[in-house]
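In what follows, a structure is listed as structure tokens, so that the remarks can point back to it.
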Amino acid sequence: MNRKKSIELLDLMYRIRFFEERTMKLFREGLIVGALHHYIGEEAIAVGACATAEEDDYVVSTHRGHGHCIAKGADLKRMMAELMGRETGYSKARGGSMHIFSIEEGLLGGNGIVGGGLPIALGSALSGQYRDSGQVTLCFFAEGAAARGTFHESLNLASLWKLPVVYICENNLWAATTYINYSLPIENIGDRASAYGIPGKVIDGNDVEKVYDTVDEAVKRARAGKGPTLIECKSFRHHPHCMVIPDTRPQDEVMEWKKKDPIPRFEKRLLGKKVITKTEMEKIRGKVNNMLDEAEEFGRKSSVPGVETVAEGLWA
Amino acid sequence: MNRKKSIELLDLMYRIRFFEERTMKLFREGLIVGALHHYIGEEAIAVGACATAEEDDYVVSTHRGHGHCIAKGADLKRMMAELMGRETGYSKARGGSMHIFSIEEGLLGGNGIVGGGLPIALGSALSGQYRDSGQVTLCFFAEGAAARGTFHESLNLASLWKLPVVYICENNLWAATTYINYSLPIENIGDRASAYGIPGKVIDGNDVEKVYDTVDEAVKRARAGKGPTLIECKSFRHHPHCMVIPDTRPQDEVMEWKKKDPIPRFEKRLLGKKVITKTEMEKIRGKVNNMLDEAEEFGRKSSVPGVETVAEGLWA
Amino acid sequence: MRELTYLDALNEALREEMERDENVFLIGEDIGSFGGVFGVEKGLWEKFGEKRVRQTPISEDAIVGTAVGAAMTGLRPVAEIMYIDFITCCMDQVVNQAAKLRYMSGGNLKMPLVIRAQGGSGTAEAAQHSQSLEAWFVHTPGLKVVMPATVYDAKGLLKTAIRDDNPVIFLEHRLLYNMKDNVPEGEWTVPFGKAEVKQEGKDITIVATSLMIHKALEAAKELAGNISIEVIDPKTLVPLDIDTILESVKKTSRLLVVHEAPTIAGVGAEIVRQVVEKAFDYLDGAPRVLGGKSIPMPFAPTLEKACTPQKEDIIKFVKEMV
Amino acid sequence: MRELTYLDALNEALREEMERDENVFLIGEDIGSFGGVFGVEKGLWEKFGEKRVRQTPISEDAIVGTAVGAAMTGLRPVAEIMYIDFITCCMDQVVNQAAKLRYMSGGNLKMPLVIRAQGGSGTAEAAQHSQSLEAWFVHTPGLKVVMPATVYDAKGLLKTAIRDDNPVIFLEHRLLYNMKDNVPEGEWTVPFGKAEVKQEGKDITIVATSLMIHKALEAAKELAGNISIEVIDPKTLVPLDIDTILESVKKTSRLLVVHEAPTIAGVGAEIVRQVVEKAFDYLDGAPRVLGGKSIPMPFAPTLEKACTPQKEDIIKFVKEMV
Ligand SMILES: Cc1ncc(C[n+]2csc(CCOP(=O)(O)OP(=O)(O)O)c2C)c(N)n1
Ligand SMILES: Cc1ncc(C[n+]2csc(CCOP(=O)(O)OP(=O)(O)O)c2C)c(N)n1
Ligand SMILES: [Mg+2]
Ligand SMILES: [Mg+2]
């Protein structure tokens, strides 16, 4: 990975981290309401994966989707405005945190239904294949979703039709308050690839370069018409499931994983390789913080949608 | 397998075959209406599998379920009456061919929904486990159902909870008019067992003894608290999907499979091993034919349910 | 004019729309070389190939999900659910995804998607193959709901559905598939939200859907001379042309809604609700609904018949009401 | 008497029924040591252990399927679907299996099964987490449908549901979970099919469900002195105590039904249908339904509020109607 790309990835990881921290603050202030699921700790997955994608590639996201949007290039202002329930938000405050769509940017939305995005990704992948446009779909889901029937129907059909889709399983070990040994009877979700006759990978999801390389190979494979890949990224979320559910995880487990935080880890690697200096890093952080100040400001200044507009956007 | 058991199995295979032939005749005469899916050609699976079960074990069946019922010991008269829409039928003519229930005999019904029985089998298996009664559930489904999400959710949960259930996949290569290469991207459904961390077997479903031995092992395993097994039985149905859909399969494929008919094959083996004589075989066939004459007669003589009873059986 | 079956009409609509717009494609079970278990897709696989006539495994969630994702990204899928009963296997995709995504995206995307299914009873296939579920979809914001009752409408409404940029639930009745009618050559479309007065009358208004239109017309014929019945086919339940119904009720002062789905919480109740709200003072008696019994459809044909409105039931109701 | 929340009441009902009958068990997501995401199962896992408090993967079809199979074979499962919206992921098991199997078996089996879920809006969770879907289940033969609005009823109806030998859809409202009330010690049950006149009145009858009972009572309070409102809680929609409603309407001559689900093809329409059919001559004006808008629930709280009936809307409707 060249210097420019590395720095770009670090920048995006900061954006996600700081965005999430900002939304936590705004939630506590009552400026963001509703369900809010944070991606902190898992940044390497979205960033590594989306960095392999072209602008017109598609991303199918989840309830924990801010990271995917940012990594795919979404505008922080419009995202923040959406979360704050403003009419300038991506979905005009109709969707909120779990439903940020931007078709032009290839963002096909988060999903309030766990496993609800997997079948949709079949369609966007088919769309690319149908037009022969080379467009690939990155389909994110987490280990909890891997227990849903939609996982099975989707991987089966994607394999049959050699659809250009990459399945990225974000295994953060917990689904709400349910530990993985309550949902998965085997070691790795990635190993289920064999049930569909497709390649399966199990990787360290906190290593952004590893994620990049693995997804890149899968994206190339998909673009070449060779069909889907299933990639399981082992990772962890630093915070509880969402803002209204307390943490139920053993604190030492959380501490252990915080030590593997993908951001300091990547920073250290870049510093070690002298790809970047501490000052440069500080500068990027400062810039991202400014972006978030602007985003917050943009949200605050934007209007909430007028009640008279409520039916707008229903029918095409 | 001892002589008595062997003859019992042959007898049951005849019952299924002749029952099905009889229902075809009655369908053509207009005495049976509705959806009618025949099991001819697949008798070895139901018979081999159910012969391993105790009376109080459960069977979850499919739309193509006559064989499972007969193999589990259902009364031909009441079955025939059900198909003929008579009030003496197992389900008082409320269910018909696809819905023959007999809780006392462990028959938890066929199912008009492909893959609809798989989750139900979790419950009957749990029931046995809960009571520590040793009851095992045999869950039949076919290769078409293996593409449904319910397959995945069910095997996953059964493995997690070590439920006493045996999954018996009747792979007859065709789902209605859809050949298996349109539904399965790998060679064997049995190989999917690894995705759930359970044993998987792929066997000749036209060899009744092989089916018996394989299911028997799985039943013992289940009864011992070691959890589910997935067994794929390769077989073929001799007739079209149902009475109202013409055959779309290559005729030479059908011919090839008819040569592997499980009944003559078992007869030959038994004759060869001198377990039975031709005369004895004739006698059993005669007996079964008589049973079917009686069943038909019973159906013909039974009344159709009175319209005034229509709401009976709705609420408990 | 030429004679077509309802089945032919659907087939023609699909063929013409696929010819007109290469983004239209079909997805469903057994729709490939066999042409669909009822034959609606007959010949289309041969003509348009596997790319556009996509036969799937038995995976309803995947079928509708594929359609949703494809519709969001520029294609115009027509998905087939073999029996409407099986839509229970993919309600999330229909209700939470197809119906809601456009609104949830703030109008950011379009969802030009048709889900075709056939339903109803009358073939002794029992409770899991005999439902009429339109009320669920009418109750779900974001879906259009269409129920063609004639050969002409089957073709014209399906073409309109395919050209609509919103998700459309298109409900056929399998007892209508072989119904024949003389219809024009060439192409036509039938607009959504426009009911048709199938027969004028002055004593009572019958609003009926799908197969029940034909039973209502038979009943009207049988009562002609004694009771003059106005028969209306709404054709689309969302959008619903309540104005045509109101106009008729203002004239006849009586309303009977007939549908095959259970009476309880069915679409008939909704039509009654709207009519009493908007034309209460015109009514000379209580509007009524004649729907199916609230019983899972029994297998035995006599029982099945007893659960579903028959011509005789309509006549009985009309006589009680007028 | 002591003070309990609606949540405590549900929890107590589960605990007592599990103590009473060892065949009762719980199945659902996050119901183990955490006690359910809303806390309904708090402490039950500790008390009854993993055998009877069964935390599952995210597999709604498997959850309800397990419950169906267990109910058929002698157990009495109480399944939790975390949000009613997610029941779309297992409608086949609910509608084609749980609801129909007893009848399809000719009464050969029993289906003593409760599916609990919470629903409604008001927490800015947007369209996929804010639905009220009771109309679907009321329309589905074979299901009982229960919507407790008070602490007392939450406990008493849940106990009745668990003891019923039929499948029961038990719909809670998450905005009610923290509602407190003084209720008796000891055990009580509340019968199905028995509506309660929450407040007597003579000018108009309001039938309201779940959370809307409380809004209707507030509206009645605000209008007291000017307009005398009778407020009725049906408590169970199947079976529906239409007699109590009819009796009231015969007295007041006016009916307003209020529910959170969309007005169109909602349960209100069904209640209107029955009332006009059976008490047309007693009505002084058109019965009306005040329900939610036919819009997927928007995220922004102002929009969300605009889609759901508020006290002010009830007052407006009542004033228009009386
Ligand atoms: C079908 C469905 N069932 C349950 C839920 C409730 N729910 C929301 S997030 C969640 C946990 C998801 O876990 P996982 O898939 O591992 O994603 P993570 O939150 O860990 O990123 C659950 C159970 C839901 N939204 N959809
Ligand atoms: C969920 C669902 N989808 C589709 C159907 C229609 N259908 C009935 S049988 C059948 C084929 C089943 O194939 P398979 O599972 O292989 O069983 P087989 O008939 O070969 O025994 C189909 C598609 C159905 N009943 N249920
Ligand atoms: Mg997780
Ligand atoms: Mg098959």
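First the proteins, then the strands, lettered A, B, ... as listed; each starts at 1. Keep in mind the model is a prediction, meaning the values are calculated, not measured.
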Fill in: C/Ser33 side chain near B/Thr248 side chain, heavy-atom distance below 4.5 Å
no
Fill in: Qualifying residue for side chain to side chain donor-acceptor pair (under 3.5 Å) with B/Tyr182, from C/Glu29, C/Arg54, C/Glu50
C/Glu50
Practice prompt. Working to the nearest 0.5 Å, report the span between OH of C/Tyr83 and CD1 of B/Ile113.
Written response: 10.5 Å
Worksheet entry | B/Glu29 CD: over 12 foreign heavy atoms closer than 6.0 Å | yes
Fill in: Heavy atoms of other groups near C/Glu22 CD, more than 12 under 6.0 Å
no
Fill in: Candidate pair B/Val310 and C/Cys307, rule side chain to side chain contact (heavy atoms under 4.5 Å, CB included), full reasoning
CA-CA 8 Å; B/Val310 67; C/Cys307 287; 3.6 Å; yes
Worksheet item: Atom NE2 in B/His99, atom CD in C/Glu125: separation rounded to 0.5 Å?
Response: 9.5 Å
Discussion item. Show the nearest heavy-atom pair for residues C/Thr302 and B/Pro305, with the distance to one decimal.
Written reply: OG1-O, 3.9 Å
Discussion item. Pair C/Ile58, B/Ser183 - check side chain to side chain contact (heavy atoms under 4.5 Å, CB included), show working.
Written reply: CA-CA 8 Å; C/Ile58 306 173; B/Ser183 76; over 6 Å; no
Worksheet item: Does B/Thr177 use its side chain to pair, donor to acceptor, with the backbone of C/Phe34 at less than 3.5 Å?
Response: no
Worksheet item: Do other residues, nucleotides or ligands put more than 12 heavy atoms under 6.0 Å from the NZ atom of C/Lys319?
Response: no
Worksheet item: In terms of heavy-atom pairs under 4.5 Å with chain C, which of B/Pro246, B/Gly115, B/Gly112 leads?
Response: B/Gly112
Worksheet entry | B/Ala311 to C/Ile295 - nearest heavy-atom pair and separation | CA-CD1, 3.7 Å
Item to complete: Please state whether the side chain, the backbone, both or neither of C/Thr56 comes within less than 4.5 Å of a heavy atom of chain B.
Response: backbone
Fill in: Straight-line distance of C/Ser59 OG to B/Arg148 CZ, nearest 0.5 Å
8.0 Å
Item to complete: Tell me, out of B/Asn111, B/Thr150, B/Leu184, who's got the most heavy-atom pairs with chain C below 4.5 Å.
Response: B/Asn111
Item to complete: Could you please spell out the steps behind the side chain to side chain contact (heavy atoms under 4.5 Å, CB included) verdict for C/Phe86 and B/Val114?
Response: CA-CA 9 Å; C/Phe86 311 156; B/Val114 170; over 6 Å; no
Worksheet entry | Nearest-0.5 Å distance, OG of residue B/Ser97 to CZ of residue C/Phe299 | 7.5 Å
Fill in: Spatial distance of atom CG (C/Asp30) from atom NE2 (B/His241) [nearest 0.5 Å]
7.5 Å
Discussion item. Please classify the contact between B/Leu314 and chain C as side chain, backbone, both or neither, with a heavy-atom cut-off of under 4.5 Å.
Written reply: side chain
Discussion item. Which atoms of B/Leu83 are under 4.5 Å from chain C, going by heavy atoms: the side chain, the backbone, both sets, or neither?
Written reply: backbone
Item to complete: Decide if atom NZ of C/Lys100 counts as having more than 12 heavy atoms of other residues, nucleotides or ligands within a radius under 6.0 Å.
Response: yes
Worksheet item: If you draw a 6.0 Å radius around NZ in C/Lys42, do more than 12 non-hydrogen atoms from other residues or ligands fall strictly inside?
Response: yes
Discussion item. Counting only non-hydrogen atoms closer than 4.5 Å, does C/Ser294 touch chain B with its backbone (N, CA, C, O), its side chain (CB onward), both, or neither?
Written reply: backbone
Response to the item:
Scored by heavy-atom pairs under 4.5 Å with chain B, the best of C/Glu304, C/Lys293, C/His129 is C/His129
Worksheet item: Is the number of heavy atoms from other residues, nucleotides or ligands under 6.0 Å of C/Lys51 NZ greater than 12?
Response: yes
Worksheet item: Is it the case that more than 12 heavy atoms not belonging to B/Lys234 sit under 6.0 Å from its NZ atom?
Response: yes
Item to complete: Measure across B/Val33 and C/Ala124 and return the closest heavy-atom pair with its distance rounded to 0.1 Å.
Response: CG2-CB, 3.7 Å
Practice prompt. Could you look at B/Thr178 and say if it's the side chain, the backbone, both or neither that has a heavy atom under 4.5 Å from chain C?
Written response: both
